[in-house]
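Notes follow once the structure below has been shown.
We use all heavy atoms of the structure for the numbers below, so side chains are in, but hydrogens, waters and symmetry mates are not. Residue numbers start from 1 in every chain, and the chains themselves are labelled A, B, ... in the order their sequence lines are given, proteins ahead of strands.
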Amino acid sequence: MNGPVVYIIDDDASYLRAVSRFLRAAGFQVVIHTSAVEFLTDLKPEAAGCVITDLQMPGMDGMALQAALHQAGSLLPIVFLTGHGNIPASVQAMRHGAEDFLTKQARKEDLIAAVNRALSRNEQAIAEHERQRALRARFALLTDREMEVLQHVLSGELNKQIAADLGIHERTVKLHRTAITTKLRVHSVAELARLVQEAGLFPHLWQSVPSRGQPTPPDFPKGQ
Amino acid sequence: MSVSWLRSNALLWTRAGAELRLHVIVLTLACLAAMNWSARAETPHPFADSGYLIHTWETADGLPENSATAMVQTSDGYLWFGTFNGLVRFDGIKFTVFNHFNTPELPDNNIVNLHLDREGRLWVSTGLGLVTRKPLSAEGGRVDWRTFTADDGWNGDLVRTFAERPNGDLLLTTFNGQVLEFSDNRFMALPPPPGEPGQGYFGGVDEAGQWWVTQNRFVGRWDGSQWISTIAPNPSLGRSAVASAVARDGALWIFLGKELVKFREGKEVLRLPLPRFSGGVWSMSEDSRANVWICSYDSGLFRVSPTGDLHHWGETNGLGYHATRFVFEDRERNLWVGTSGGGLRRYKPRRISDMTLDGPLAGRVTRSVWPSADGRMLIASPELGLFQREASGVSRVMVPGPRNETGYGLSVVEDRRGRLWYGDMDHCWWRQEPLSFERISVGLPKSANVGALFEDSQGRIWIAAGQGVVTFDDGGFRELGIAQGLPTGRVLCFAETRSRAIWLASEQGVFRYDTGRFLEVRGSDGESLRDVLCLKAEPDGTLWMGTHDRGLLRWQEGRLHRLGTAVGLPVESVNAILEDGHGYYWMTSNRGIVRAARTDLHAAANGDLRRLNCLLLTASDGLPSMECATGQPTCVRDPAGRLWFATQKGVAMVDPAKLEFNTLPPPVHIERVSFHRDNPGVEIEPADSKDKAEAAVVRLQPPFVRAPELPAGTRRLEIEYTALSYSSPERVRFQVKLDGISRDWEDAQDQRVARFYELRPGDYVFRVRAANNDGVWNETGASLAFSVLPFFWQTWWFRLVAGLLLVGLGGALAWSWSRQRIARAMERERLVHETHLLRDELTHASRVSTMGQLASGLAHELGQPLGAILRNAEAAELLMEQAPPDLEEIRAILTDIRQDDQRAAGVIDRMRSLLKRRPVERIPLAVPDLVQEVAALVRPNALQHKVQITLEVPRDLPTVCGDRIQLQQVLLNLLLNGMDAMSQQSSGTRRLIVQARKTENQMVEMSVQDSGPGIPAQSLDRVFEPFFTTKAHGMGMGLPVSKAIIEAHKGKMWAENGPTGGAVFWFTVPVAKGDGDR
């Protein structure tokens, strides 16, 4: 099966059949499951598309499915359906990144819009994921020592300090820095920092003041 | 020293005493060369102190002042004594003080001397005059006081001595040196005797009725006209070194400082030299045991025994204070010692001697005693080791242990061959030659705890060895244990019966050793006798067993009889039994030593004697500790017939041949009657309302001339009584009876007050009798007749009038009532109807409210089919737009739509049927269907709340009779409540179990169990109360309505907490008629 797939999960066979008929007639690729466990068993890591699931199901319910997908690193957005509006549950689901929250009698326009939104977000997520993967591949070119130096550079240390911390000559530090900029194809420390941030590396460096573009050096104990 | 100051100011009296003492000290110093000072440092005879038990009463014990100046015992049995703060009457427990304030007839509170004359008059010499007190006569009424003045010829001072002739004439000597005769109700001063006034003379009278006076310069008699010197005292001994006293036999004792002389009929008959005496004499007396007591005002107390031995009590040995005033012997032969400043003392002759009072074992734990052939007593002490007591005192017997240890002695025996056997906590030793102890190794582990040693008639030695037994005979040591049928366990004692069978008691029971085997002896129910502490065999084969808490057991011809506290044995544990050779058994226990006649014990065991007559000897008889040792041998009879007992605080000894008994029945008196109109519950009134409380109490004291009449409305009556036995007042026992209320005597123990509440009007007689410490009863006792007056409404005439009035009133009422009854019946009818309506309304309201809880679940339930219909319809629309339309698919869609519509309608129907208001019906109902329908209703809610519902309802249950909707309402309510109860716990553990089963009595019992926290114990019986709720939104009507429904179905409903936590609600519904067999 190529292209995005709408995975529908509901324990009520009648509604499952009805909604899948409708979405298929609306032109989506649809795969149905009567339980969350069954769906998770069949799910492939590279699957693209979105999930429409009933919130209340015996066994693993919609909320638990959301948690399980998040845990597995899946990028599939989730649209929740419920027999009737349940405010606390919907708030919780949205907080955990649910795409939408609809009642089972929702208008068809709303349903289709929600599915489209979910699919496009999945598309974006996959693209972002790909970009990040490529970025990390570039960082993978760096040697362990260069990664070490990079970390010190990002902390805002001068070459002299880095040399002292790592017990190497200052000139060697300069050599490492040149190698880093060459391999990552950047021209400034600011650019380097942005790249590192985008790649999601050294998350501890950004945690203190994430709003500022330039990372501020946290307090590292000497000799680390 | 002048006379007048004493009269003018009594307070100076004590100063006078001090001056007196000072004076004597100066004199004493002057005569130092002549004195033998060793008398002061005399070491008492080693065991002389054990002759008396000394008890002291001081101000802290109730004395008004810490002195006792003189004492008498009146014919009614009371002891009277004088103090510097009043005249005191003493009953052994309570001091009743008569002083100037409560007895105006007493001129002064300083009571100097007392005398009881032959007519029973009490002479009281006070600091401000002389008075007499005439006792209460039976018919008399008032106490008659008389004060002597100059008109009576009395010009005397403080009375130093009283002497009385058989005809009642008195001789009084005073401190200012006067000698006065009282005869024919008048005083006549005799001419001053030769010598000097000094502190006055000792007066006396001999058997011929002649007056004697004694002083340091003159000892002589009055022949009717003049003083005749009889004996010349040594004036250099000092003024206070001489004294006299009338002897018991009527003769006269004269004390001359260094010798005691007895005169009979004017002739000297005895002279006892007392070179070691020193001190100034205050008074002298002779007791019934022929001891002469000399009270010194500066040197303590001296006793001269009939053989002339002098014993001294001073501040170093038993006397807290040197100034002694008198020695008085009461009728029970207790000696009372008065002191100036040291209180009142009782010297009670010991019945039990403490044989370790002096020496290293004083107050130490002892476990075993055994007389050796050479007259010594061997003593084993767990604290200090092995000791022996000889005439010279207690000394250690060295047992050469491996580390020269002192050992922890538990048992000691000398066998007939003179070998010594000694068991301690670790080992057992035996000694054949002096100083050659050997340790026994056969069968004796370390920590053997050899608590029992026994030599049988064959000369075989039995040793309790830790967990078994070791024997020794000519064949050497031998170990007996499991191999011979003796279970492992500590052995406590041995005994041998006539047939030479050896009996032993161990922790495992009682066993008999016969022909090489141990056989267990069991109780009548086959139980092991594991509480036996000691065994005592009789020649006829009877065996007595002392037990830990069941008293005595007698084993005779295979049958057991028990003698416990029920038959009058005063103790529960019997540690050892010893025969005294006079037909008595002496039983030791943890509460003293009991003596009982052997024949009595047998008679009681045979059922011929209902109550044992026992003598109980305790600490008040001189027993060093109430707790006697356990083990064997803990008590023995020595060759002289004396009995020795090992106790927790030393070794006690009794000589049964010399044992004295208190045979005097104690006089019993009623001392006070008080009646209260107040609430009997109020015992203590606050201080500020004291006057009010006093007003509500009326107190009467003897003499009770007429029977007291208690006013109507008396709510509480208190009668205080006493019995006058001074040997052990705390052991006096009382029995009381109130004629008119009780027939039998009631044990009042040592209570000296009887209280009666809410007595009905009538005549009563209160009786009390008492027994002394040896159980001798005063059967007559004392009695008091009194009556409680009725209120006017408690009288017969009032009741008659009231009865007639009642009959009239009753008739009138009956007429009026019958009229009202009809009206009330109609009203009741209407109320019942309204109640029914209201109840139905409430049931329905509750059901609606329950349905409200189902709403969210039902919305979901409806949401499914409605949503499906919508989506199907939309899909069909889209399919219709396609060319060509997929008709097959559209047909399937339409089928689904129809089914979903029916599904939604079903949900609505189920709800509506529950919500509908309809008459109650009673039809047979299948329980499984009933339950499943409800379960379907709550399923969405269960899903929502992640609750797992399990139904355990067998299909073959009989149908029940009831209203379907109402029963479902009950189940629904219980299921929803259960879900609510579990909402706070983690979702994996929320479970509801619905069970149903048929019971014996044609009911179906159903339960709903949740896995929640359960119902708090304090709320368990409140959950069915209306408006009781623990929920934030609950109304508190669900359970009460459910219960009402079930009860209307003739069932029951209750709640409890399940064994594994969680609440369980139960209810029962009757089985439909004709369907009970299923």
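- Look at Arg903(B) and Asp12(A) and you find a salt bridge, because one of the NZ, NE, NH1 or NH2 atoms lies within 4.0 Å of a carboxylate O, short of that distance.
- No more than 12 heavy atoms of other residues, nucleotides or ligands lie within 6.0 Å of CD in Glu123(A), so this atom counts as exposed by the packing criterion.
- Atom OG of Ser14(A) and atom CD of Gln864(B) lie 8.5 Å apart (nearest 0.5 Å).
- Of the listed residues (Ile897(B), Leu870(B), Leu879(B)), the greatest number of heavy-atom pairs within a distance under 4.5 Å of chain A belongs to Leu870(B).
- The two atoms that bring Tyr15(A) and Ala868(B) nearest to each other are CD1-N, 3.1 Å, heavy atoms only.
- Neither the backbone nor the side chain of Glu881(B) comes within contact range of chain A; no heavy atom of the residue lies under 4.5 Å from a heavy atom of that chain.
- Comparing Ala942(B), Ala892(B), Ala873(B) by heavy-atom pairs within less than 4.5 Å of chain A, the highest count is held by Ala892(B).
- Residue Leu23(A) does not touch chain B at all, counting heavy-atom pairs closer than 4.5 Å.
- Looking at Ala876(B), neither its backbone nor its side chain comes within 4.5 Å of chain A, counting heavy atoms on both sides.
- Minimum heavy-atom separation, Ala25(A) to Gln882(B): O-NE2, 4.0 Å.
- Between Arg21(A) and Glu874(B) there is no salt bridge, since none of the side-chain N atoms of the basic residue sits less than 4.0 Å from a carboxylate O of the acidic one.
- Among Leu862(B), Asp886(B), Ile869(B), Asn872(B), the residue making the largest number of heavy-atom pairs under 4.5 Å with chain A is Asn872(B).
- Within a 6.0 Å radius of CD in Glu109(A), more than 12 heavy atoms belonging to other residues, nucleotides or ligands are found.
- Of the two parts of Leu866(B), the backbone and the side chain both hold a non-hydrogen atom closer than 4.5 Å to a non-hydrogen atom of chain A.
- For Gln948(B), no part sits under 4.5 Å from any heavy atom of chain A, backbone or side chain.
- Nearest heavy-atom pair, Glu877(B) versus Lys108(A), reported as atom, atom and distance to 0.1 Å: OE1-NZ, 3.5 Å.
- When the shell of 6.0 Å around CG of Asp144(A) is examined, it contains 12 or fewer heavy atoms from other residues, nucleotides or ligands.
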